[in-house]
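A short worksheet on the structure shown next.
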Amino acid sequence: MVGGLRSEDGGERATLAGWVHRRRDLGGLLFVDLRDRSGLVQVSFGPEWTDAASLEVARGIGHEDVILVAGTIAVRPDGARNADMATGEVEFRAENVEILSDARTPEIPVYRAPEDELPAEELRLQHRVLDLRRFELQQNLMLRHRLVLETRNYMDRHGFIEVETPILTKATPEGARDYLVPSRVHKGEFYALPQSPQIYKQILMVAGFDRYFQIARCFRDEDLRADRQPEFTQIDVEASFVTVDDILEWIQGLMASLAAVAGIDAPLPFPRLTWNESMERYGSDRPDLRYDLEIEDWTAATADVDFGIIRSQVNAGGRVRGVRLAGGASLSRRQIEEIENRAKASGAPGLLWAKRSEEGTSGPLGKFLDPAHADAMGLAVGDLALVSAGPDRLTSPTLAVVRAAAAATAQLPIVREHAWLWVTDFPVFDEENGVLFASHHPFVMPHLDDIGLLDTDPISVRGTAYDLVYNGTEFGSGSLRMHDPELQRKVLRVLGLDDAQIEEKFGFLLSALSVGAPPHGGIALGMDRIVQRFTGSMSLRDVVAFPKTTAARALFEGAPTSVGEGELEALGLTLRSKGRTES
RNA sequence: GGGGCUGUAGCUCAGUCGGUUAGAGUGCCGGUCUGUCACACCGGAGGUCGCGAGUUCGAGUCUCGUCAGCCCCGCCA
């Protein structure tokens, strides 16, 4: 490993191998920066210590060639040391050299000068083998390895065993589209790739593997984003005879261990908020708590404000809520508009605001306020209130965006650089256009106190579900599960499934739950996302060795591809149309 | 499915109002050089301006379409 050479190693004979990162040919002397994944070291060739034949070979060395050099590690002469280089005290004096592999001129450079831009991502993905030689990607994948290793060690220390579950499986009940794999033996039938090992891990609980985990590959056939890949890796965990507290303690311990590997703070225990509190105070179920800014309820404070929008929304049962930016009155109209635009971009109908100065209050809402109102809202001179009036369903997401945008625009101070949070007691159900659906997945154990509400008011049934949030990103999500097949059946019925559908989709789970199922629960954590955040990468593509593009293509290996008639026929398939331009 | 941005030499980019020979840096090839580390210096090669139509006397530049990459919305319960 070349990157670890130091002056103490001076005088030692050695043989080094690696890639030619950079070369400097001075005529008589020739320098090569030799690279492997540990770093760089300067190899020097000169007539005084390199044999003549090797000197000739060295002249022909090109970028990215793989070479083998034998010689001595030498402390560099005075004035020739490089303080910017970890190995800058030493150099390797090559006595002879062998080119193990001749590289063609690389399509994209591995070496980059300090100011150089990265090549276009399209090219970096096409020539992934070269891009993966980049220092940053090597660091990312090495950290990823250490995090996976620490996960396995931690889970093992806590008595969990890793069990592999199938990749060729049955369509799972998550909401995403499945990747399907045609069966050759059973023509016309398909396997699905797992969106998660959810049902398998529950069945493992019934089978008695009371503490399970898996570094599990999952697949979802949905459109992609910077933080979404069609295949991704979860730390999947399930345990029997446990409480929510047991799981949260194990997992926050795991996160603290992983964070320590990455050199990130994770003080235990992580704070907890119920879903209701989180929505009330931050408008979001994954608030970014790096900065302090909370939503306030100003319905009472504005009860006698004679402003049409407010009165009509409150009369319709809505509330007046908003965030108060201390000193925010200094924001320009343009900055406020920017916040408003971001709120609108995420579906908000509009945003009201009020500034308070020595002269009084101003702004679309401000002009309807008198000093007493401003006092009641806690709005001091110099403050800015950003306000949304309406039903919580609309104002919460709006204010969540406003909160984030305002924090960015007003450059609110970061009060904690690493903000960990548990959000608990997610509702079991959600609804859109009058249709009820499972807000997490349909196996979440409802709170025992709320089971009576299943028939009367399902929307208010709280679940034993929790999310792990780091700096506003959801790292993972879990719950206790229903181990009583009758309760499970009931929830599925509430979701609108009839008995035939329940049998077809969940029969094997219900059957398993009927042979003696222990109470159990677990969580799934997004490994890629954790590595992304820990490395500070902008994209998941920088923490996955061979990622897909946003159109789900693999540019390096060139997938997907069309297949021949013969292969289709063996699978019992015919294509309706060929090629990408027909639909 | 929708919106936006980008596409010029191997790579990173510039290219004026539509104008006749499309440039720079780097890389590549050749040469000089014994302490460089973004080595320096001299010389050279390298272009389907993503692709296809259209407008025009004339298109890298304007219009339409299309492909690819990226970002966002929908979607991912």
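What's counted below: heavy atoms across the whole structure, side chains too, no hydrogens, waters or symmetry copies.
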All N/O pairs under 3.5 Å across the protein-nucleotides 39-43 of chain B interface:
from, atom 1, to, atom 2, distance (Å)
B:rC39, OP1, A:Arg22, NE, 2.8
B:rC39, OP1, A:Arg22, NH2, 2.6
B:rC39, OP2, A:Arg22, NE, 3.3
B:rC39, OP2, A:Arg24, NH1, 3.3
B:rC39, N4, A:Asp25, O, 2.3

Contacts of A:Asn471 meeting side-chain hydrogen bond (donor to acceptor under 3.5 Å, both in side chains) (sequence neighbours excluded), chain-then-number -> none
Quick one: ring-ring contact (aromatic ring centres under 6.0 Å, His included) partners of A:His21, sequence neighbours excluded? A:Tyr111
Using the C1' atom as the point on both nucleotides, what is the distance between B:rG43 and B:rU66, in whole Å? 43 Å
Using a heavy-atom cut-off of under 4.0 Å over every strand shown, decide if A:Ala438 touches base, sugar-phosphate, or nothing. base
May I have the list of side-chain donor-acceptor pairs in residues 57-70 of chain A shorter than 3.5 Å, sequence neighbours left out?
from, atom 1, to, atom 2, distance (Å)
A:Arg59, NH1, A:Asp25, OD1, 3.1
A:Arg59, NH1, A:Gly27, O, 3.1
A:Arg59, NH2, A:Gly27, O, 2.4
A:Glu64, OE1, A:Arg35, NH2, 2.8
A:Glu64, OE1, A:Arg133, NH1, 2.8
A:Glu64, OE2, A:Arg35, NH1, 3.1
A:Asp65, OD1, A:Ala103, N, 2.6
A:Asp65, OD2, A:Gly62, N, 2.7

Using the P atom in both, what is the distance from B:rC29 to B:rU21, to the nearest Å? 32 Å
Taking only residues two or more places apart in sequence or in another chain, which ones pass salt bridge (charged side-chain N to carboxylate O under 4.0 Å, His left out) with A:Arg225? none
RNA chain B contacts made by residues 50-58 of chain A, counting heavy atoms under 4.0 Å: none
The criterion is salt bridge (charged side-chain N to carboxylate O under 4.0 Å, His left out); which residues satisfy it with A:Asp528, sequence neighbours excluded? A:Arg144
Hits for ring-ring contact (aromatic ring centres under 6.0 Å, His included) against A:Phe475, two or more places apart or cross-chain, chain-then-number order -> A:Trp420, A:Tyr470
Using the C1' atom on both, measure B:rA53 against B:rC41 and round to a whole Å. 49 Å
Here the residues of residues 66-77 of chain A within 4.0 Å heavy-atom distance, strictly under, of RNA chain B are A:Arg76, A:Pro77
Pairwise C1' distance, B:rU6 and B:rA45 [rounded to whole Å]: 29 Å
Those residues at least two apart in sequence (or on a different chain) that pass ring-ring contact (aromatic ring centres under 6.0 Å, His included) with A:Phe232 are none
Which residues satisfy the side-chain hydrogen bond (donor to acceptor under 3.5 Å, both in side chains) test with A:Asp542, sequence neighbours excluded? none
Quick tally for nucleotides 3-13 of chain B: nucleotides whose base has a protein heavy atom under 4.0 Å get B, sugar-phosphate-only ones S, the rest -, giving -------SSS-
